[in-house]
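Chain identifiers are assigned alphabetically (A, B, ...) following the order of the sequence lines, protein sequences preceding nucleic acid strands; residue numbering begins at 1 within each chain.
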There are 2 protein chains.
Amino acid sequence: MDITRETTTVTTGRRAQGERTRQAILETAVDIASAEGLEGLTIGRLAARLSMSKSGLFAHFGSKEDLQLATIEAARAIFIHEIIRPAFEAERGMPRLWKLCDIWLSYVQGGVFSGGCFFAAAAAEFDGRPGPVRDRIAEIMKEWLDTLRRAVVESQEAGQMERDVDPAQLAFEFNSFELGANWSFQLYGDKQAFARAREAILERLRRYSTLSGSSLLPPPKEKRRSRARAR
Amino acid sequence: MDITRETTTVTTGRRAQGERTRQAILETAVDIASAEGLEGLTIGRLAARLSMSKSGLFAHFGSKEDLQLATIEAARAIFIHEIIRPAFEAERGMPRLWKLCDIWLSYVQGGVFSGGCFFAAAAAEFDGRPGPVRDRIAEIMKEWLDTLRRAVVESQEAGQMERDVDPAQLAFEFNSFELGANWSFQLYGDKQAFARAREAILERLRRYSTLSGSSLLPPPKEKRRSRARAR
DNA sequence: AGTTGTATAGCACGAACGTTCGTCTTAAAC
DNA sequence: GTTTAAGACGAACGTTCGTGCTATACAACT
C-alpha cells in the first residue's frame, strides 16, 4: 500500500522522464534479448535502436548484469500479464490447467517475443554460467513449473482428475511439450508443432479426467488420422 | 593401434601433424561449445586451453564460422558414435526405439558433453540467427527426429505397435521429453528428470504396444522406483 | 645440399565490448 | 533569479574479439 503510493508520488512529483526512459529501454531490451539472447543484448545495439548514447542508457543501470536482471524482470512481468493472469480467470482445476498450457502455446505462436519463449532461450543460454542471472532465471522457471503442478493438484482436489497421477510428473511432461513446440517452431517455423503439443496435452488430460466427455475441456478433433496423413 | 604408436613416435611425419592437431582442436572445441555455446567458443580461449597461439590455431580454419561448422560435425560424429550406433545394435522395432531414447538420456546424464546435449544448446543459441550454422544444426536435429520417427514406423511394421499411432506425433513427444529432461538437468541439476522422461516414454510405449507385458521393453516399476527416490 | 611446402608463432589491425569521466541542458525548488 | 540535481551526451579507457600479414622451424623431395 505504501509502496504503490510512494512510487506514484515520486513519479508525479519529480521528473518522470527517468523512469519512463528506463521503461522504454527495458521494453526494447526484452525484444532484443528474446531474439539475440541476453548476452547478445548489447548496450551499444540497445542504444542504437533507441537513438540514445551508450553512456546515457548505461546510467540507468549500474552494470550489464543489472541490465540483464532488469530485462528478466520486465519479461517476467509480461509473462505474468499475458499468460498467468488470463489463465487464472478460468475456473480453478482442469479448465485452468488447460488454459495455462493453451495460452502459453498461443503466446509463443503469436510472437509476443520475437525469439520465442524468452525464458526457454535464457535458460538454455545461462544454464552453464553460474551467477545471479542464471539463478533468477531458474527461480522464475520454477515458478512456472510450480504453477502447472499446483493446477494439477487443484484438479485432483476438485475431483476432476484421477488421484494416482503424480502432479510433478504431469507438470514435467506438459512443460516438455511446450519446450518441444517452442523448439520446433523456432528452428523450423513449424506451426504444426503447436497442434502436436496441444494434442499431447489434451490426450493426457482426457485420459486422466474422472468425467468422461467432460465439458471442462475443448471437444476432441474429429479424424485425427486423416490429418496425420497430410504431411 | 596406429594411434597409440603415433602418440609415442614423433616421426610419423610432419604432414600428419596438421590433421592430428586439427582433431585435437575440435575435441576441445566441442567441449567448450557445449558448455559456453558456439559463440562463446572463442578462438583465444580455445588456443589458451590448447597452449597454442591464436594465429596457429586459426590457420586450420578459414574463419570462425568454419570453425563452428567443423565443431558441429565433430559433435555429430560423437553423437552418432555414442548414441545412434549402439542403439542400432538393438533389434529393429520397439527395442531399438526404446534404446534410442534410453541411451540419449544416459548420454546427457553421463556428461559426455559438459554442457548437456550439444545440439539442444546450439539450436537454442542459433535459432534466431540465419546462416549456414543454423541450417546445419537444423539438418542434424531433423536427422535425429527422423531416426525416431522411422523407429516408430518400423515398430508398427513389425507388428509391435498399434498402427493408428502417428509416428511424427510420437517422435515429437519423445523428443520433447528429452529436451525437457536436458533442460531440467542443466538448470537444476535434477537427475530425477531422467527418470521422469523414461517413465513418460515407457508409459507410452507400453500403452501402444500390441503385446501386453512385452519382453521387448524393460519391466515396469521395481528398481527404477526406489532409484528415483534416492536423490 | 638446396628447394619446396606445411605447420606454427609473432605481431598488428580495426571493430566492438563494458565502463568511466567530465560536461551540457533543463526542469523543479528555493 | 538563483541553485540544485536528474538525465543525457561525447570521448575515451582497457580489453577482447576475429582476422589478416610475415617469419620461422622442420619434414620431404630433388
Side-chain angles (χ1 to χ4, degrees), chain A residues 6-29 32-33 36-72 125-126 129 131-133, chain B residues 5-29 32-33 35-72 125-126 129 131-133:
Chain A
E6 220 180 306
T7 51
T8 46
T9 309
V10 170
T11 45
T12 49
R14 274 220 161 272
R15 269 211 277 164
Q17 187 61 24
E19 188 55 33
R20 226 169 346 121
T21 304
R22 199 187 133 101
Q23 219 54 39
I25 292 172
L26 288 177
E27 200 173 310
T28 308
I32 292 181
E36 315 271 354
L38 273 169
E39 218 47 66
L41 168 64
T42 258
I43 295 176
R45 197 180 314 184
L46 190 51
R49 267 265 290 265
L50 290 157
S51 302
M52 281 185 69
S53 65
K54 277 190 352 177
S55 54
L57 187 151
F58 186 78
H60 288 272
F61 314 88
S63 66
K64 166 119 193 213
E65 191 174 89
D66 276 6
L67 168 64
Q68 290 174 329
L69 288 169
T71 304
I72 290 172
E125 186 178 3
F126 275 83
R129 309 181 198 182
V133 175
Chain B
R5 182 164 297 171
E6 244 181 280
T7 49
T8 52
T9 314
V10 191
T11 59
T12 323
R14 182 85 178 151
R15 286 195 152 76
Q17 183 65 24
E19 188 55 35
R20 206 143 35 94
T21 304
R22 200 187 132 102
Q23 220 54 39
I25 292 172
L26 288 177
E27 200 175 310
T28 308
I32 292 181
E36 314 271 354
L38 274 169
E39 217 50 62
L41 169 64
T42 257
I43 295 177
R45 198 181 313 184
L46 190 50
R49 268 264 290 261
L50 290 157
S51 301
M52 283 185 69
S53 68
K54 269 175 38 168
S55 55
L57 187 150
F58 186 75
H60 287 271
F61 313 88
S63 66
K64 164 116 194 214
E65 192 173 88
D66 276 6
L67 168 64
Q68 289 174 329
L69 288 169
T71 304
I72 290 172
E125 185 178 3
F126 274 82
R129 309 181 198 181
V133 175

How many whole angstroms separate atom [atom1] of [X] from atom [atom2] of [N]?
X        : N       : atom1 : atom2 : answer
Leu38(B) : dC17(D) : CG    : P     : 16 Å
Leu41(B) : dC17(D) : CG    : C1'   : 13 Å
Glu39(B) : dC17(D) : CD    : P     : 12 Å
Leu46(B) : dT8(C)  : CG    : P     : 13 Å
Arg22(B) : dT6(C)  : CZ    : C1'   : 15 Å
Phe58(B) : dC13(C) : CZ    : P     : 18 Å
Phe61(A) : dT20(C) : CZ    : P     : 15 Å
Arg20(A) : dA6(D)  : CZ    : C1'   : 14 Å

What's the shortest heavy-atom distance between Gly62(B) and Asp66(B), and which atoms? N-OD2, 3.9 Å
Which value, rounded to the nearest 0.5 Å, describes the distance between Leu69(A) atom CG and Lys64(A) atom NZ?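 One gets 12.0 Å once the value is rounded to the nearest 0.5 Å.
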How long is the straight-line distance from CG of Leu38(A) back to CG of Leu67(A), given to the nearest 0.5 Å? 8.5 Å
Indicate for each nucleotide in nucleotides 9-15 of chain D, in 5' to 3' sequence, whether protein heavy atoms under 4.0 Å reach the base (B), only the sugar-phosphate (S), or nothing (-). BBB----
Can you find a pair of side-chain heavy atoms, one from Phe61(A) and one from Thr71(A), that are under 4.5 Å apart? no
Please confirm whether the backbone N or O of Pro132(A) pairs with a side-chain atom of Glu65(A), one donor and one acceptor, at under 3.5 Å? no
Side-chain donor-acceptor pairs under 3.5 Å in residues 39-54 of chain B, sequence neighbours left out?
| from | atom 1 | to | atom 2 | distance (Å) |
| --- | --- | --- | --- | --- |
| Glu39(B) | OE1 | Gln68(B) | NE2 | 3.4 |
| Glu39(B) | OE1 | Arg129(B) | NH1 | 3.3 |
| Arg45(B) | NH1 | Glu36(B) | OE1 | 3.4 |
| Arg49(B) | NH2 | Asp31(B) | OD2 | 3.2 |
| Ser53(B) | OG | Gly56(B) | N | 3.0 |

Quick note, His60(B) side chain, CB onward, closest among dT8(C), dA8(D), dG20(D) is dT8(C)
